[in-house]
S.K.: 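Pasting a structure here, questions to come.
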Amino acid sequence: MKAKLHLQNVLGSILESKGWEWPEKATLEPPRDKKFGDMSANIAMMLSKQAKMNPRAIAEEIKGQLDSDPYIEKVDIAGPGFLNFTFSNSFWQNMIPEVIAKGDDYGRSEMGKGKKVQVEYVSANPTGPLHIGHGRGAALGDCLVRILEFTGHEVEAEYYVNDAGRQMLILGNSIWVRLQQNEGRDIVDPEDFYKGDYITDIAKEVLELNPGILEMKEADSVAICREYGMNQILEGIKKDLAAFDVRHDVWFSEKSLVETGKVDETFADLKARGMAYEKDGALWFKSTDLGDDKDRVLRKSNGDLTYFASDISYHDNKYKRGFDTVVDIWGADHHGYIPRMQAAVEALGKKGQLDVILVQLVNLLRGGEQIAMSTRAGKFETLEDVVNEVGRDASRFMFLSRKSDSHLDFDLDLVKQKTMENPVYYVQYAHARICSVIQKAAEAGIEVEASTPELLSLLGNPEELNLIKLMDQFNDVVESAGEYMTPHTISYYLRDLASALHRFYSMHHILSAEKEIIAARLILLKAVGKTLENGLALLGVSAPKKM
RNA sequence: GCGGCAGUAGCUCAGUUGGAUAGAGCAACGGCCUUCUAAGCCGUUGGCCGAGGGUUCGAAUCCUUCCUGCCGCACCA
């Protein structure tokens with residue numbers, strides 16, 4: 001049983017017997033400083049108003065009820081009225097079999113109660129290969145999907161394919177122009193033009209597959225270029241994401257929305273709700289009613305749909321597919337777009353059911369020097385190149401080691417280094433060490449035994465207890481990462497756990513101890529290894545047995 | 001101009017759902033390998049949490065004014 005859960009139960013019944021309500025903001029957490037014990041509660045301070053007593057008196061009342069608890073060794077009252085709890089060693093020791101029994105499910109939670117959540121991420125326009133910035137969104141989205149699933153949500157991962165807009169026209173035109181230039185026609189690059197080498201490659205392929213393309217009507221030629229180009233690029237994107245171990249369950253086409261008349265349905269819906277109106281020959285969305293700073297155009301006066309229009313329809317479609325919550329992961333340059341999208345969701349009657357996570361820019365560096373990037377100019381480091389150069393584990397961990405809304409410096413030379421500046425190795429090394437010791441033990445004829453209370457009672461030094469207490473926190477870390485959508489907290493947790501393991505490892509030589517102690521420690525190591533493995537799995541990073 | 005995010009140790013960053021003496025890594029300095037992986041461990045040094053004001057038992061955290069940086073403000077996507 002978790003320490004926090006035990007306290008919740010015990011304190012809950014004490015409060016009930018006193019007729020006090022559990023204060024909503026009361027916290028129950030390990031104190032920052034270990035000298036205050038294992039768990040700390042501010043509940044007495046929170047109850048003070050309700051109970052009309054001073055906090056310390058309330059704390060005394062609660063403490064008096066806890067004397068008989070078999071797991072709690074000590075209760076202290078400190079400062080303005082903190083209740084500090086110290087649990088008995090046997091309480092902690094008994095956690096270990098639980099970790100081992102749960103195995104791959106250790107840390108799993110029912111928090112989400114089966115809520116249906118959709119996470120849409122990456123969704124880069126299929127106009128060029130993915131670059132490093134997309135990689136961050138990919139790592140974050142994929143990790144979030146894993147965390148939400150692990151915390152009891154039903155999750156679907158989706159990629160929105162923008163195959164209907166102006167960018168696609170530019171892509172088709174770029175390929176067509178390049179194709180003609182390759183054949184000696186004297187055509188100047190248009191203003192909006194993708195210039196990357198991949199355009200040239202695609203142009204060559206198009207010509208090979210369509211030898212007569214130069215003689216066709218221009219519109220047909222461009223259409224062929226556009227379709228072929230988009231499909232090739234999309235295939236490349238899928239391949240890159242697969243290599244990065246990123247999962248999308250659904251590839252949703254923008255064009256399918258437009259062609260099936262879904263956008264018109266959404267317009268009709270909005271008009272019926274009084275949220276859309278005609279003006280100056282255009283159709284407008286009345287987003288100012290819902291907190292946006294200006295109304296937004298849905299259908300331009302020339303009859304074209306805006307991106308926003310199909311996006312509203314797209315979100316409408318998401319909710320019609322039955323998701324309770326929709327999460328969009330966007331680049332930070334889209335932040336100005338959030339108010340109108342939230343307004344749109346509200347207009348659809350789904351207020352509060354859209355979470356937008358912004359991912360800040362990635363500065364790609366090499367040896368401290370910034371590498372310039374631009375898709376249009378074809379100057380960028382592709383995700384594929386980066387993954388090939390520094391590896392999937394190192395790049396994923398790097399992306400997930402920072403809050404999503406802060407800028408990230410991604411230094412290729414640094415990420416390749418196998419030092420502590422690159423914590424992925426530190427965590428993986430902890431796991432590999434554990435496997436190595438267990439392996440060495442097996443070679444000496446010592447297998448990991450089933451745990452008994454007698455064996456576990458031998459685990460009493462500070463380093464051993466510290467490892468157990470950290471493992472106990474894994475659930476809370478995972479749940480909070482899911483609730484606040486902050487995957488980076490798992491990276492930090494794993495670093496702490498790895499650090500505790502390394503410390504234990506270097507202070508206590510395992511295989512040279514007495515037989516029973518070896519057995520007990522192997523059981524502990526097995527549990528720690530499993531926790532590290534589960535945590536790394538949430539990040540999509542491997543847990544190697546050897547390094 | 002309006003808005004978003006940021007400003008914490010020399011560097012890169014956690015901590016921000018109000019809690020106790022603000023943390024980690026790197027860098028610097030000093031130790032630890034004849035035993036399980038030194039990609040490791042231990043120790044020392046290092047802070048006006050951008051600045052001022054406010055809210056309260058208590059503020060890096062909330063409110064407010066200001067300074068600095070990045071980004072966004074289309075009938076583009």
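Below, chain A is the first sequence line, B the second, and so on; all start at residue 1.
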S.K.: Over all strands shown, is A:Phe308 touching base, sugar-phosphate only, or nothing at heavy-atom distances under 4.0 angstrom?
M.R.: nothing
S.K.: Counting only side-chain heavy atoms from C-beta out, which of B:rA39, B:rC41, B:rC73 sits nearest to A:Tyr426?
M.R.: B:rC41
S.K.: Which comes earlier along RNA chain B counting from the 5' end, the contact point of A:Pro31 or that of A:Ser512, where each point is its nearest nucleotide?
M.R.: A:Pro31
S.K.: Would you classify A:His335 as touching base, sugar-phosphate or nothing, given that sugar-phosphate means primed atoms plus P, OP1 and OP2, and contacts are heavy atoms under 4.0 Å?
M.R.: base
S.K.: In the structure shown, which nucleotide is the Watson-Crick or G-U wobble counterpart of B:rA9, with both distances under 3.5 Å?
M.R.: none
S.K.: For B:rA39, does either OP1 or OP2 sit under 4.0 Å from a side-chain N or O belonging to A:Lys546?
M.R.: no
S.K.: Heavy atoms only, 4.0 Å cut-off, all strands: where does A:Ala444 land among base, sugar-phosphate and nothing?
M.R.: nothing
S.K.: Give one of base, sugar-phosphate or nothing for A:Asp333, where a contact means two heavy atoms less than 4.0 Å apart.
M.R.: sugar-phosphate
S.K.: Return the 5'-most residue of the pair A:Asn84, A:Ser480 with respect to RNA chain B, ranking by each residue's nearest nucleotide.
M.R.: A:Ser480
S.K.: Under a 3.5 Å limit for both distances, which nucleotide forms a Watson-Crick or G-U wobble pair with B:rG40, could you say?
M.R.: B:rC32
S.K.: So what does A:His508 touch, heavy atoms closer than 4.0 Å: a base, only the sugar-phosphate, or nothing?
M.R.: base
S.K.: When all nucleic acid strands are considered with a 4.0 Å heavy-atom cut-off, which category describes A:Ser40: base, sugar-phosphate, or nothing?
M.R.: base
S.K.: In whole Å, what is the span from the CZ atom of A:Phe397 to the C1' atom of B:rG25?
M.R.: 12 Å
S.K.: Provide a list of protein-nucleic acid N or O atom pairs under 3.5 angstrom, restricted to nucleotides 11-16 of chain B.
M.R.:
| from | atom 1 | to | atom 2 | distance (Å) |
| --- | --- | --- | --- | --- |
| B:rU12 | O2' | A:Arg402 | NH1 | 3.2 |
| B:rC13 | O5' | A:Arg402 | NH1 | 3.4 |
| B:rC13 | O2' | A:Tyr492 | OH | 2.7 |
| B:rA14 | OP1 | A:Lys403 | N | 3.2 |
| B:rA14 | OP1 | A:Ser406 | OG | 3.1 |
| B:rG15 | OP1 | A:His488 | NE2 | 3.0 |
| B:rU16 | O4 | A:Lys403 | NZ | 2.9 |

S.K.: Go ahead and name the base partner of B:rA27; Watson-Crick or wobble counts if both distances stay under 3.5 Å, otherwise write none.
M.R.: none
S.K.: Taking B:rA22 as the reference, what is the distance to B:rU61 when you measure between their P atoms (whole Å, please)?
M.R.: 14 Å
S.K.: Taking CD1 from A:Ile438 and P from B:rU37, how many angstroms apart are they, rounded to a whole number?
M.R.: 12 Å
S.K.: Could you state the CE-C1' distance from A:Met341 to B:rC73, rounded to the nearest angstrom?
M.R.: 18 Å
S.K.: Rounding to the closest angstrom, what is the interatomic distance between B:rA59 and B:rU17 at atom C1'?
M.R.: 14 Å
S.K.: Tell me yes or no: between the side chains of A:Ser109 and A:Glu479, is some donor less than 3.5 Å from an acceptor?
M.R.: yes
S.K.: Please state the C1' separation for the pair B:rA9 and B:rC48 - nearest whole angstrom.
M.R.: 13 Å
S.K.: Of all the nucleotides listed (B:rA20, B:rA77, B:rA74), which has the minimum atom distance to the side chain of A:Lys294?
M.R.: B:rA74
S.K.: Given that both distances must come in under 3.5 Å, which nucleotide forms a Watson-Crick or G-U wobble pair with B:rC66?
M.R.: B:rG50
S.K.: For the side chain of A:His502 and the backbone of A:Ser499, is there at least one donor-acceptor N/O pair under 3.5 Å apart?
M.R.: no
S.K.: Should B:rG1 form a Watson-Crick or G-U wobble pair with both distances under 3.5 Å, which nucleotide is its partner?
M.R.: B:rC73
S.K.: Between A:Tyr314 and A:Tyr160, does the ring pair (Phe, Tyr, Trp, His ring centres under 6.0 Å) criterion hold? Intermediate values first, please.
M.R.: CA-CA 9 Å; A:Tyr314 174 44; A:Tyr160 185 44; 3.8 Å; yes
S.K.: Check the side chains of A:His315 and A:Ser313 for a donor-acceptor pair under 3.5 angstrom, ignoring hydrogens and angles.
M.R.: no
S.K.: Would you mind checking if A:Lys318 and A:Glu120 are paired as a salt bridge, meaning a charged N to carboxylate O distance below 4.0 Å?
M.R.: yes
S.K.: The side chain of A:Ala432 lies closest to which of these nucleotides: B:rC75, B:rA39, B:rU37?
M.R.: B:rU37
S.K.: With a 4.0 Å cut-off, would you call A:Glu227 and A:Lys255 a salt bridge?
M.R.: yes
S.K.: Whole-Å distance between B:rC75 P and A:Ile312 CD1?
M.R.: 14 Å
S.K.: Would you indicate which nucleotide in B:rA74, B:rG19, B:rA38 comes nearest to any side-chain atom of A:Asn42?
M.R.: B:rG19
S.K.: Ring of A:Phe399, cation from A:Arg396 - is the NZ or CZ under 6.0 Å from the centre and inside 45° of the axis?
M.R.: no
S.K.: Using the C1' atom as the point on both nucleotides, what is the distance between B:rG46 and B:rU8, in whole Å?
M.R.: 14 Å
S.K.: So if I take every side-chain heavy atom of A:Met45 and compare against B:rG25, B:rU37, B:rG19, which nucleotide ends up nearest?
M.R.: B:rG19
S.K.: Which value, in whole Å, describes the distance between the P atoms of nucleotides B:rC66 and B:rG3?
M.R.: 11 Å
S.K.: Side chain of A:Arg503 only, heavy atoms from C-beta on: which candidate in B:rC75, B:rU37, B:rC42 is closest?
M.R.: B:rC42
S.K.: For atom C1', what is the distance between B:rC13 and B:rG7, given to the nearest Å?
M.R.: 13 Å
S.K.: From B:rU17, B:rG40, B:rA20, pick the nucleotide closest to the side chain of A:Ala78?
M.R.: B:rA20
S.K.: Using 4.0 Å as the upper bound for N to carboxylate O, is an ion pair formed by A:Arg299 and A:Asp304?
M.R.: no
S.K.: Write down the partner of B:rU61 under the Watson-Crick or G-U wobble criteria, each distance required to be under 3.5 Å.
M.R.: none
S.K.: Could you tell me whether the phosphate oxygens of B:rA38, OP1 or OP2, come under 4.0 Å of any side-chain nitrogen or oxygen in A:Arg433?
M.R.: yes
S.K.: Pick base, sugar-phosphate or nothing for A:Thr306, based on heavy-atom distances below 4.0 Å to the nucleic acid.
M.R.: sugar-phosphate
S.K.: Say you pick atom C1' in B:rC63 and the same atom in B:rC41; how far apart are they, in whole Å?
M.R.: 46 Å
S.K.: What I want to find out is whether A:Glu29 reaches A:Lys4 closely enough, with some N-O distance under 4.0 Å, to be called a salt bridge.
M.R.: no
S.K.: Out of B:rC36, B:rA77, B:rC42, which has the shortest distance to the side chain of A:Val437?
M.R.: B:rC36
S.K.: Taking 4.0 Å as the cut-off, does a side-chain nitrogen or oxygen of A:Ser301 come that near to OP1 or OP2 on B:rC75?
M.R.: no
S.K.: Which nucleotide, B:rU35, B:rA77, B:rC36, lies nearest any side-chain atom of A:Tyr505?
M.R.: B:rC36
S.K.: A:Ile338 CD1 to B:rC5 C1': how many Å, rounded?
M.R.: 10 Å
S.K.: Distance from A:Leu83 atom CG to A:Arg56 atom CZ, nearest 0.5 Å?
M.R.: 9.5 Å
S.K.: For A:Tyr337 and A:His334, take the angle between the two ring planes, folded into 0 to 90°, and tell me which bin it lands in: parallel under 30, tilted 30 to 60, perpendicular over 60.
M.R.: perpendicular
S.K.: Give A:Asp76 one of three labels, base, sugar-phosphate or nothing, depending on what nucleic acid heavy atoms sit under 4.0 Å from its own.
M.R.: nothing
S.K.: Suppose you measure atom C1' in B:rG31 against the same atom in B:rG52; what distance do you get, rounded to whole Å?
M.R.: 46 Å
S.K.: Have a look at B:rC33 and give me syn or anti from its glycosidic angle (syn if within 90° of zero).
M.R.: syn
S.K.: Measure from CZ on A:Arg166 to P on B:rA77 and round the result to the nearest Å.
M.R.: 7 Å
S.K.: Got a salt bridge between A:Asp76 and A:Lys74, using NZ or NE/NH1/NH2 to carboxylate O under 4.0 Å?
M.R.: yes
S.K.: Let me know the distance between CG of A:Leu414 and P of B:rA39, rounded to the nearest Å.
M.R.: 18 Å
S.K.: What is the nucleic acid contact for A:Asp496, judged by heavy atoms within less than 4.0 Å: base, sugar-phosphate only, or nothing?
M.R.: nothing
